[in-house]
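Computed over heavy atoms, backbone and side chain alike; hydrogens, waters and symmetry mates excluded. In what follows, residues are counted from 1 in the order of the sequence shown.
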Amino acid sequence: MFLVTGATGGIGRRVVRLLREREKQVRAFVRLTSRYGELEHRGANIFIGDLRQEKDIQKACQGVQYIISTHGSDGDALSLDYRANIELIDSAKANGVQHFVFISVLGADRGYEDAPVFKAKRAVERYLETSGLNYTILRPAGLASNLLPLAERFRETGFYLLIGDPKNRTSIVSTDDLARIVVDSVTVEAARNQILPVGGPEILSREDIPKIFSRIFNKEPVLINPPLFAVDALRGALGFFNPQAQKALGTFRTLLGNEFFCTHEEIAKLEDIFNFKLETLENFLRRYLAV
């Protein structure tokens, strides 16, 4: 039995789908208000709970052999990115879980002090490494599925908002490829007790993304490129009446202001470990946008 947290998210939904295609038993940890009908239809066991509640985590972990943590912070890095994962690891140890797969983030080890998600992910990584569990820690760069709403907006308007330096590099991974890597991590020996950066096969600059959209839709992009200090100004204003949102914007600011890409050597190693060729961003988008 696999337990998948964040099962209705971009990564989690694909992980559950792939596990069920392989006829594996899955317990999908979902919130009551989430849309989990597809997962139920695919034969997943639906566990409705709250990752902020220790008792829910302990109950969800009973009788499972594998735990896959894909959930995000939802603006609350301390409770969800950190505490919930620590509880999951403790419950995994208590229940004799055979393998724990944790979705971290590329750059978690760089010490970004102003980014709560990065700090929480790195702390969980360290805890998992010393837990005694078999683990795989995956550090994806940007997810291709996150670009789908931007692509749809571009299709309608031709506009593309690019905040900060257009030359910053990234290696966006196909979310379907990431799901396959997640699932295979529990059986591929070379992935055991490893921290693996995960990116797409190309190193792109951020300005390449609207160019890809332009090729897909045969439409010239109208690029809106505000400077990064616009985010800083917004953070300053939020500090007066919403400190939580101000902290969350620290992670957003870090993502915008830095480069997150895998080297060609890292990608070659990943393809060698999991024995398949990674999909380009353009191919992923064309599949999902039916273009």
Any [X] side-chain heavy atom under 4.5 Å of [Y] side chain:
X      : Y      : answer
Ile67  : Val101 : no
Cys262 : Leu106 : yes
Ile203 : His264 : yes
Tyr160 : Ile224 : no
Arg13  : Leu39  : yes
Glu152 : Leu289 : yes
Leu228 : Arg253 : yes
Leu278 : Ile181 : yes

(request) Quickly, which of Lys121, Arg126, Arg139, Lys119 forms a salt bridge (Lys or Arg N to Asp or Glu O under 4.0 Å) with Asp109? Name it, please. (result)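 The passing option is Arg139.
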
Linked, directly or transitively: [X] and [Y] (ILVMFWY side chains, under 4.5 Å):
X      : Y      : result
Val183 : Val188 : yes
Phe284 : Leu204 : yes
Val26  : Val30  : yes

Just verifying a value: how many Å separate [X] [atom1] and [Y] [atom2], rounded to the nearest 0.5 Å?
X      : Y      : atom1 : atom2 : result
Glu125 : Leu138 : CD    : CG    : 10.0 Å
Ser174 : Leu285 : OG    : CG    : 9.5 Å
Met1   : Gln65  : CE    : CD    : 8.0 Å
Lys219 : Glu156 : NZ    : CD    : 8.5 Å

(request) Mind jotting down which residue pairs meet the side-chain hydrogen bond (donor to acceptor under 3.5 Å, both in side chains) criterion with at least one end in residues 280-291? Sequence neighbours excluded, please. (result) Arg14-Tyr288, Asp176-Arg287, Asp176-Tyr288, Arg215-Glu282, Glu279-Asn283, Glu279-Arg287, Glu282-Arg286

(message) Could you check whether Glu38 pairs with Arg42 (Lys NZ or Arg NE/NH1/NH2 to Asp/Glu carboxylate O, under 4.0 Å)?
(response)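 Looking at Arg42 together with Glu38, the answer is yes, because their closest N to O distance falls below 4.0 Å.
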
(message) Salt bridge or not between Asp81 and Arg122? Use side-chain N to carboxylate O under 4.0 Å.
(response) no

Using modelled atom types and a 3.5 Å cut-off, is there a donor and acceptor pairing between side-chain atoms of [X] and backbone atoms of [Y]?
X      : Y      : answer
Arg83  : Glu87  : no
Asn95  : Ser91  : yes
Thr136 : Ala191 : yes

[X] side chain to [Y] side chain, donor-acceptor N/O pair below 3.5 angstrom:
X      : Y      : result
His99  : Ser185 : no
Gln62  : Gln58  : no
Asp208 : Ser205 : yes
Asp90  : Tyr127 : yes

(request) Walk me through it: do Val105 and Phe118 pass the test side chain to side chain contact (heavy atoms under 4.5 Å, CB included)? (result) CA-CA 7 Å; Val105 61; Phe118 284 75; 3.9 Å; yes

(request) Given side chain to side chain contact (heavy atoms under 4.5 Å, CB included), test Asp50 with Arg31 step by step and report yes or no. (result) CA-CA 6 Å; Asp50 185 347; Arg31 292 175 295 181; 6.0 Å; no

(request) For residues Phe159 and Phe154, establish whether the separation of their ring centroids is below 6.0 Å. (result) no

(request) Please confirm whether Arg192 makes a cation-pi placement over Tyr135, using NZ or CZ under 6.0 Å from the six-membered ring centre and within 45° of the ring normal. (result)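 Because its charged atom misses either the 6.0 Å distance or the 45° angle limit, Arg192 does not stack over Tyr135.
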
(request) Please identify each residue that fulfils ring-ring contact (aromatic ring centres under 6.0 Å, His included) with Phe102, with sequence neighbours left out. (result) none

(request) Test side chain to side chain contact (heavy atoms under 4.5 Å, CB included) on Cys61 and Leu88 and set out the steps. (result) CA-CA 8 Å; Cys61 290; Leu88 279 167; 3.9 Å; yes

(request) Of all the heavy-atom pairs spanning Tyr36 and Ile48, show the shortest one and how long it is. (result) OH-CD1, 3.5 Å

Donor-acceptor pairs under 3.5 angstrom involving side-chain atoms of residues 2-12: please list them, not counting sequence neighbours.
from: Thr5; atom 1: OG1; to: Thr70; atom 2: N; distance (Å): 3.3
from: Thr5; atom 1: OG1; to: His71; atom 2: ND1; distance (Å): 2.8

(request) Start with the C-alpha distance between Lys269 and Glu266, add both sets of side-chain angles, then the distance that settles side chain to side chain contact (heavy atoms under 4.5 Å, CB included), and finish with yes or no. (result) CA-CA 5 Å; Lys269 178 182 177 181; Glu266 288 170 333; 5.7 Å; no

